[in-house]
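Single-structure report; data block below.
Naming: A, B, ... by sequence-line order, numbering from 1 per chain.
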Amino acid sequence: MSDADVLEELPGDLMIWVLIVSELLVFGAGLVAFLAVRITDSTGFAEAQAVLNRTGAGINTVVLVTSGFLAAQAVLWRNALRRGAARIALIAAALLGIVFLIIKGAEFAHKSALGITWESHPFFTFYYLLTGFHAAHVVAGVVLLLLVAWRDTSRNIEAAAAFWHMVDLVWVLLFPVIYLLQ
Amino acid sequence: MTARHLMMAWLMLVGLSLGSTLLSLPVMDHAPAAALGLGVLLIAGFKARIILTRYLGLADAPFWRRGFDISLTLFCALLLGLYLAPLML
């Protein structure tokens, strides 16, 4: 297989894959740093983690993978020339992104009410940085999904859906490391 | 990629998300930490693979799927090693 064949095999735009890999590397480095720092104070990290709401984060995981499903479905529908259905799926995916942000906001507000800041413990420094940076990507993704529901070319929808799946992909790696590994 | 493939992928992702959350419940506290960590990271790696192959379409790109599979496996192994390090020190 030639280099050109290999690149043509890649679904969607090459640049969106460059973005996906870049983001995975950034978040991956953050998760590795998190677990490396945890080695120096595993008890403190476990105590800090116990404050987190695992159920809320678990619900948010289901919300995000469902939103990803709708975005992927929108690509299929747009390619089948079902523009109306694709637009509805994109708007529904964006609304689920907003649900994710509301649950995440409630989680941050709860920590704030407990007096927990990013300086309280190294665990929370990573927690706020990684989940906050991810939430910023969710905001960008919601805007993109709504934008391509309006400007609904197949190429636009594929690019926005790929970005949204990257946000999904980061969360399914971030969620178990921050919330579940005790 | 078909609508049926997507639906199956979504159902598996929801099921695996619930499964990994169950592994972290207090009732699982008696289980060895290493086994729980391995289970949680295996599920995470599997979920990531489903998103890559089904949602992002790498099912139709075997060269890239293999590359991501290898990278993802190495990354999860690194995370597991770092997670288990305090138990070994």
TODO: Would you check, one step at a time, whether the test side chain to side chain contact (heavy atoms under 4.5 Å, CB included) holds for L7(A) with W64(B)?
DONE: CA-CA 9 Å; L7(A) 285 178; W64(B) 295 99; 4.0 Å; yes
Task: CA sep, side-chain torsions, deciding dist, call: L181(A), L41(B), side chain to side chain contact (heavy atoms under 4.5 Å, CB included) - done: CA-CA 8 Å; L181(A) 284 182; L41(B) 287 172; 4.2 Å; yes
Open item on the list: Please classify the contact of L82(B) with chain A as side chain, backbone, both or neither, using a heavy-atom distance under 4.5 Å.
Closed with: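 Contact with chain A is through both the backbone and side chain of L82(B).
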- [ ] Could you look at F75(B) and say if it's the side chain, the backbone, both or neither that has a heavy atom under 4.5 Å from chain A?
- [x]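 For F75(B), the contact with chain A is made by the side chain alone.
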How long is the span from the [atom1] atom in [X] to the [atom2] atom in [Y], to the nearest 0.5 Å?
X       : Y       : atom1 : atom2 : answer
L56(B)  : I20(A)  : CG    : CD1   : 5.0 Å
L13(B)  : L64(A)  : CG    : CG    : 10.5 Å
L78(B)  : L31(A)  : CG    : CG    : 10.0 Å
S20(B)  : Y179(A) : OG    : OH    : 13.0 Å
I50(B)  : L169(A) : CD1   : CG    : 11.5 Å
M166(A) : I51(B)  : CE    : CD1   : 12.0 Å

- [ ] Among residues two or more places apart or on two chains, list those pairs meeting salt bridge (charged side-chain N to carboxylate O under 4.0 Å, His left out) that have a residue in residues 95-119 of chain A.
- [x]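 Sorted pair list: K104(A)-E107(A).
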Open item on the list: With side chain to side chain contact (heavy atoms under 4.5 Å, CB included) as the criterion, how do V40(B) and F175(A) come out once you've worked through the C-alpha distance, each side chain's angles and the decisive distance to 0.1 Å?
Closed with: CA-CA 10 Å; V40(B) 164; F175(A) 163 63; over 6 Å; no
Open item on the list: Main chain of Q182(A), side chain of Y83(B): is a donor-acceptor contact present, judged purely on distance under 3.5 Å?
Closed with: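 Looks like yes, one N/O pair under 3.5 Å.
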Task: For chain B, which residues of residues 66-78 of chain A have heavy atoms nearer than 4.5 angstrom - done: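 Within residues 66-78 of chain A, the residues that come under 4.5 Å of chain B (heavy atoms only) are T66(A), G68(A), F69(A), A72(A), Q73(A), L76(A).
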Task: Portion of F34(A) that has a non-hydrogen atom of chain B nearer than 4.5 angstrom - done: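 F34(A) has no heavy atom closer than 4.5 Å to chain B.
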Open item on the list: Any heavy-atom pair between the side chains of L58(B) and L10(A) that's under 4.5 Å?
Closed with: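 Heavy-atom side-chain distance check passes, below 4.5 Å.
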